[in-house]
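The structure under discussion appears below in the form of structure tokens.
Worth knowing before you read on, the calculation uses all heavy atoms, side chains too, and leaves out hydrogens, waters and symmetry mates.
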Amino acid sequence: MGLFNAILGNASEANQQEVEKEFLPLLIDGEQIEGAFKVIRDMFVFTNKRLILAEKQLVGTKVDYLSIPYSSIKKFSKESAGIMDLDAELKIWLTNEDLPIKKQFGKGGDNINQVYKILSTHILK
């Protein structure tokens with residue numbers, strides 16, 4: 001089922017050890033990883049200071065890391081999966097950007113709720 005979810009683009013929780021190995025060189029002093037989710041090869045990683053989006057090419061090893069300070073997130077939303085809609089969607093709007101960043105999650109809803117809670121914890125301080 002994991003491969004099926006990956007093909008559909010559903011997010012799943014990433015392996016903590018693999019995430020730490022890859023992202024440790026990007027973290028500053030006192031920064032810690034709080035959660036990470038994977039969509040096929042892409043990941044978004046929540047730290048205690050920012051959100052890091054990693055977009056990996058399907059072919060090759062090139063990775064684009066986008067660092068988003070929580071203070072630049074102006075709003076966020078989640079749309080739950082419905083009967084005919086097989087996935088849930090997370091949207092994050094950034095300051096000075098009109099279009100949101102969108103991420104798809106599987107129908108189960110547990111992962112999107114975890115991400116929503118992490119965002120809420122940092123944004124609603």
Side-chain angles (χ1 to χ4, degrees):
M1 188 59 93
L3 178 60
F4 182 67
N5 282 342
I7 292 169
L8 291 177
N10 295 334
S12 61
E13 199 159 1
N15 179 291
Q16 186 73 20
Q17 290 175 332
E18 291 176 13
V19 172
E20 288 178 3
K21 182 180 177 184
E22 179 178 349
F23 287 86
L24 187 61
L26 304 177
L27 303 181
I28 63 171
D29 288 340
E31 188 172 19
Q32 298 173 346
I33 295 171
E34 296 182 341
F37 296 84
K38 193 171 190 174
V39 181
I40 304 177
R41 294 186 61 184
D42 296 345
M43 276 201 288
F44 46 110
V45 177
F46 294 91
T47 75
N48 59 327
K49 303 203 179 272
R50 61 186 158 160
L51 168 60
I52 303 171
L53 299 177
E55 293 186 12
K56 298 181 180 186
Q57 287 185 346
L58 290 177
V59 179
T61 58
K62 186 175 177 182
V63 181
D64 179 32
Y65 297 97
L66 175 63
S67 181
I68 303 170
Y70 292 120
S71 61
S72 69
I73 298 174
K74 64 180 175 181
K75 64 182 177 178
F76 55 99
S77 71
K78 73 174 186 136
E79 180 181 292
S80 61
I83 295 171
M84 298 301 287
D85 189 7
L86 298 178
D87 57 7
E89 184 175 66
L90 176 74
K91 295 179 185 175
I92 303 171
W93 284 265
L94 303 178
T95 305
N96 299 324
E97 296 287 334
D98 294 330
L99 299 175
I101 296 169
K102 297 179 184 180
K103 296 293 179 184
Q104 300 294 318
F105 289 76
K107 189 173 182 173
D110 291 338
N111 289 334
I112 194 168
N113 289 331
Q114 291 173 349
V115 170
Y116 198 81
K117 188 172 184 175
I118 293 170
L119 278 172
S120 297
T121 300
H122 290 290
I123 308 290
L124 303 175
K125 288 183 181 179

task: List the atom of Asn48, the atom of Gly30, and the distance in Å for their closest heavy-atom pair.
output: ND2-O, 3.1 Å

4.5 Å side-chain heavy-atom contact, Ile52 and Tyr65: yes

Note: Arg50-Glu31 ion pair, threshold 4.0 Å (strictly below): yes

message: Under 4.5 Å between side-chain heavy atoms, counting indirect links through other Ile/Leu/Val/Met/Phe/Trp/Tyr residues: same cluster for Phe44 and Ile123 or not?
response: yes

query: Would you say Leu90 and Ile101 make side-chain contact, with heavy atoms under 4.5 Å?
result: no

field: Asp98 side-chain N/O to Trp93 backbone N/O, donor-acceptor pair under 3.5 Å
entry: no

task: Work out which heavy atom in Lys49 is nearest to a heavy atom in Ile28; give both atom names and the distance.
output: CD-CD1, 3.7 Å

field: Ring geometry between Phe46 and Tyr70 (parallel below 30°, tilted from 30 to 60°, perpendicular above 60°)
entry: parallel

field: Donor-acceptor contact below 3.5 Å, side chain Ser72 vs main chain Ile68
entry: no

task: Would you indicate whether the side-chain heavy atoms of Leu66 and Glu55 approach each other to under 4.5 Å?
output: no

task: Report the residue from Lys78, Lys102, Lys75 that forms a side chain to side chain contact (heavy atoms under 4.5 Å, CB included) with Lys91.
output: Lys102

message: Val19 vs Met43, test: side chain to side chain contact (heavy atoms under 4.5 Å, CB included). Steps then yes/no.
response: CA-CA 9 Å; Val19 172; Met43 276 201 288; 3.9 Å; yes

- request: Check the pair Ile92 / Leu51 against side chain to side chain contact (heavy atoms under 4.5 Å, CB included), numbers first and verdict last.
  value: CA-CA 11 Å; Ile92 303 171; Leu51 168 60; 3.9 Å; yes

query: Rounded to the nearest 0.5 Å, what separation is found between the CD atom of Glu20 and the CD atom of Glu18?
result: 11.0 Å

- line: Between Thr47 and His122 the two heavy atoms that sit nearest each other are O-NE2, 3.5 Å

task: Find out whether Leu124 and Leu119 are in side-chain contact, i.e. whether some heavy atom of one side chain is under 4.5 Å from a heavy atom of the other.
output: no

task: Using the rule that two of Ile, Leu, Val, Met, Phe, Trp, Tyr join whenever any of their side-chain heavy atoms come within less than 4.5 Å, decide whether Ile118 and Leu27 are in one cluster.
output: no

- prompt: What distance do Leu53 atom CG and Asp64 atom CG have between them, rounded to the nearest 0.5 Å?
  reply: 9.0 Å

- prompt: Can you tell me how far CD1 of Ile73 sits from OG1 of Thr95, rounded to the nearest 0.5 angstrom?
  reply: 9.0 Å

query: Going by an N to O cut-off under 4.0 Å, is there a salt bridge joining Glu22 and Lys56?
result: yes

